[in-house]
Structures are given as C-alpha cells and as structure tokens.
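Reading through the structure tokens given below for one structure.
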Number of protein chains: 2
Amino acid sequence: MELIDGNQSIATDDCLSTAVGEPLSRKEAETLATALKAVADPTRLQLLSMISGSPSSEACVCGLTEALDLTQPTISHHLKVLVDAGFLTRDKRGRWAWYAVVPDRLDVLRSLLP
Amino acid sequence: MELIDGNQSIATDDCLSTAVGEPLSRKEAETLATALKAVADPTRLQLLSMISGSPSSEACVCGLTEALDLTQPTISHHLKVLVDAGFLTRDKRGRWAWYAVVPDRLDVLRSLLP
DNA sequence: ACCTCACATAGATGACTGTCTATGCAATAT
DNA sequence: ATATTGCATAGACAGTCATCTATGTGAGGT
C-alpha cells in the first residue's frame with residue numbers, strides 16, 4: 001500500500017471511499033421511471049408535440065392518425081399510455097375523442113430528474 | 001349538419017379542425033426517446049442519484065453494487081447503458097472503474113422535452 | 001511466476017413492448 | 001330501424017430488455 005501526502009492513496013488493497021450518496025428510494029425511482037417510460041417513445045413524443053402545438057392545445061384521434069403513418073388502434077394505444085401516465089386528458093365529444101395536454105405535468109417530470 | 005352562429009358546429013359529418021401542430025420530426029423524436037429510455041429505469045435512476053450524491057460526484061462499481069441488491073454484472077450493464085447515452089463517464093484507475101456524471105447532460109434532456 | 005481482485009463480456013431466459021388485424025361499441029346520419 | 005363512422009379493446013406476434021450465471025481480462029499483490 002503506497003501512500004501519498006499521508007492521506008490519498010494511488011494503489012491500495014481497498015477501494016476506500018466506497019461511500020456513495022444515498023440512492024433515490026426504490027419506490028420513488030420506480031414511480032419516476034414509470035412516468036419516464038411513458039414519454040420515452042418517439043411516437044408518443046410526436047403525439048405530445050402535435051397536441052400541444054394544436055390550435056386549442058387539443059386534438060382528436062383522426063388528425064393524429066393521419067399525420068403519423070400508423071394505424072388508428074396503434075395511435076389509440078399510445079394515447080391511452082399517455083393518459084394513464086397523466087400527460088393527457090381525454091374528452092369524448094359526440095363521435096370524437098379530444099385529447100389535451102395536462103399543463104404542468106411535464107414540468108413536474110423535469111423537476112424530478114436527479 | 002347542424003350549425004350554430006354560422007361557424008361552429010356541434011354535430012357534423014366532419015371532425016373539422018383536424019389541424020394538429022407540426023409533430024417533432026421522426027428523427028428528433030427517436031433521438032430524444034433513446035436518451036429518455038436510458039434514464040427510464042429505476043435502477044439507473046438510483047445509480048445516477050448515488051453517483052451525483054457521492055463526495056466528488058464519482059463512484060466505483062463496488063460501492064454501487066453493495067447498495068443496490070443486484071449482481072455486479074447487472075450493475076455494470078446499467079452503467080454501460082448510461083455511459084453510452086452520455087450521462088456518465090468511465091475512468092479506469094488501477095483496478096477500479098470510477099464513474100462520474102456528465103454535468104449538463106440531464107439539463108439538456110430537460111430542455112428537449114416538448 | 002502465480003494468485004487475487006475488480007470489473008467487463010457472453011449467453012440464456014422470462015418479461016415486457018410496439019405494432020398489426022379483427023372486432024366491439026356508442027353516437028350520428030339516412 | 002338500419003347503416004355508417006370514430007374510436008377502443010382483444011389477441012397475436014416479433015423484437016427488446018433486465019436479470020442471472022459463467023467466463024474472460026487486466027492490474028496488483030505475494
């Protein structure tokens with residue numbers, strides 16, 4: 001074991017300073033990861049950007065399906081994921097379902113990133 | 001087709017306002033989704049929080065493995081994912097590999113969220 | 001030289017995910 | 001009443017992922 005300035009060691013038997021910061025609790029980490037997973041998909045990111053960029057920040061499935069070269073059930077599936085994760089709300093009006101972004105949900109996500 | 005005030009319609013054959021905002025380009029969306037996927041895992045979030053909370057914002061695998069009830073190869077795997085995605089750097093010193101957080105990488109991610 | 005230790009890599013496996021087709025349902029139009 | 005339309009749900013399938021055990025590698029210690 002070779003010492004330098006009496007404190008720091010370059011090569012030693014032990015790692016020393018195995019001390020690491022307290023991790024995020026497993027439960028917090030899982031909650032945050034679940035929210036991130038909902039957003040970590042290219043199609044869902046496109047959906048969010050399209051809806052938030054729409055006239056009244058809402059859009060129906062028809063327009064979204066036309067813009068994204070995917071089948072309507074696939075779009076519906078992604079929208080459901082975003083609703084379940086709290087990023088969108090769904091409002092059925094007549095024959096159409098209108099989706100709107102939940103205003104501060106993404107900001108909350110941003111603030112929770114470590 | 002029933003009209004109200006000559007412009008807005010409550011019930012009509014067409015959705016009207018199928019106009020949606022321009023989506024994020026597919027390529028941008030995929031790049032962002034790839035970065036988000038790297039972070040959207042509870043174990044990797046815990047690793048990030050532990051490393052950034054460590055004395056000199058760096059930690060070696062030994063300490064991380066002890067804290068997270070997972071096998072060492074699994075921790076190594078997650079660390080590699082984070083390095084590949086640009087969230088961590090790896091510095092091999094002697095027998096130990098020290099991982100450090102890339103300072104502004106998470107901020108970039110935050111700013112890219114739609 | 002040889003052994004030990006810290007970490008990485010390889011391969012296997014069960015679980016999850018994104019997409020599709022097929023179908024159901026409720027609201028509107030005829 | 002019946003047909004049509006917009007959307008959701010169900011089920012199937014291929015690809016990806018998180019984890020494990022087993023093994024390789026390179027630096028240090030003896």
Side-chain angles (χ1 to χ4, degrees), chain A residues 1-3 9-18 20 26 29-30 33-34 36-47 58-66 68-85 88-99, chain B residues 1-3 9-18 20 26 29-30 33-34 36-47 58-66 68-85 88-99:
Chain A
M1 167 136 150
E2 182 183 345
L3 292 182
S9 69
I10 290 283
T12 170
D13 293 17
D14 244 330
C15 176
L16 301 189
S17 139
T18 42
V20 291
R26 187 68 190 182
E30 282 170 357
T34 300
L36 284 168
K37 271 183 212 292
V39 178
D41 177 274
T43 299
R44 292 198 283 270
L45 287 171
Q46 287 186 297
L47 288 171
E58 60 179 6
C60 65
V61 183
C62 52
L64 300 168
T65 301
E66 287 174 11
L68 286 189
D69 206 34
L70 288 171
T71 65
Q72 171 265 316
T74 299
I75 301 295
S76 269
H77 161 70
H78 286 301
L79 290 170
K80 177 172 167 47
V81 171
L82 289 170
V83 169
D84 289 348
L88 291 180
T89 58
R90 177 178 179 271
D91 182 26
K92 180 130 190 184
R93 295 205 290 272
R95 288 193 293 191
W96 299 280
W98 292 84
Y99 287 88
Chain B
M1 167 139 146
E2 183 182 347
L3 292 182
S9 68
I10 291 283
T12 171
D13 294 17
D14 246 330
C15 174
L16 300 188
S17 136
T18 42
V20 292
R26 187 68 191 181
E30 282 171 356
T34 300
L36 285 168
K37 271 184 213 291
V39 179
D41 177 273
T43 298
R44 292 197 284 270
L45 287 170
Q46 288 186 296
L47 288 171
E58 61 179 4
C60 66
V61 183
C62 52
L64 300 169
T65 301
E66 286 174 12
L68 287 190
D69 207 33
L70 287 171
T71 65
Q72 171 264 315
T74 300
I75 300 295
S76 269
H77 161 69
H78 286 302
L79 290 170
K80 176 173 167 49
V81 171
L82 289 171
V83 168
D84 289 348
L88 292 178
T89 58
R90 176 178 181 271
D91 181 27
K92 181 129 188 185
R93 296 206 288 272
R95 289 194 292 190
W96 299 281
W98 293 85
Y99 288 87

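Reminder, nothing fancy here: chain letters follow the sequence lines and each chain counts from 1.
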Please report the distance, rounded to the nearest Å, between [atom1] in [X] and [atom2] in [N].
X	N	atom1	atom2	answer
B:Trp98	C:dA8	CH2	P	13 Å
A:Leu79	C:dT19	CG	C1'	15 Å
A:Leu47	D:dC7	CG	P	13 Å
A:Glu66	D:dT5	CD	P	14 Å
A:Leu36	C:dT17	CG	P	14 Å
B:Trp96	D:dG29	CH2	C1'	11 Å

Testing B:Leu68, B:Thr74, B:Ile75 for side chain to side chain contact (heavy atoms under 4.5 Å, CB included) with B:Thr71, which one passes?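 With B:Thr71 as partner, side chain to side chain contact (heavy atoms under 4.5 Å, CB included) holds for just one option, B:Thr74.
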Taking only the side-chain nitrogens and oxygens of A:Arg90, find out if one of them lies under 4.0 Å from OP1 or OP2 of D:dA8.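 For A:Arg90, the contact criterion (side-chain N or O under 4.0 Å from OP1 or OP2 of D:dA8) is met.
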Do any side-chain nitrogens or oxygens of A:Tyr99 fall under 4.0 Å of OP1 or OP2 in D:dA8? yes
Here the gap from A:Thr43 atom OG1 to A:Asp69 atom CG, rounded to the nearest 0.5 Å, amounts to 10.5 Å
Using 0.5 Å steps for rounding, measure from the OG1 atom of B:Thr89 to the CD atom of B:Glu58.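 Nearest 0.5 Å value for the OG1-CD distance: 8.0 Å.
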Between A:Arg44 (side chain only) and A:Ala38 (backbone N and O only), is there a donor and an acceptor less than 3.5 Å apart? yes
For nucleotides 11-26 of chain D, 5' to 3', base contacts (B), sugar-phosphate-only contacts (S) and non-contacts (-) with protein non-hydrogen atoms under 4.0 Å give -------SBBBB----
Using distance alone, with no hydrogens and no angle criterion, decide if A:Thr34 and A:Glu30 have a side-chain donor and acceptor under 3.5 Å apart. no
Taking salt bridge (charged side-chain N to carboxylate O under 4.0 Å, His left out) as the cut-off, I'd like each qualifying pair that reaches into residues 73-85 of chain B, sequence neighbours left out, listed once. B:Lys80-B:Asp84
Along DNA chain C (nearest heavy atom to each residue), the more 5'-positioned of B:Lys80 and A:Arg93: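 Its nearest nucleotide being more 5', the pick is B:Lys80.
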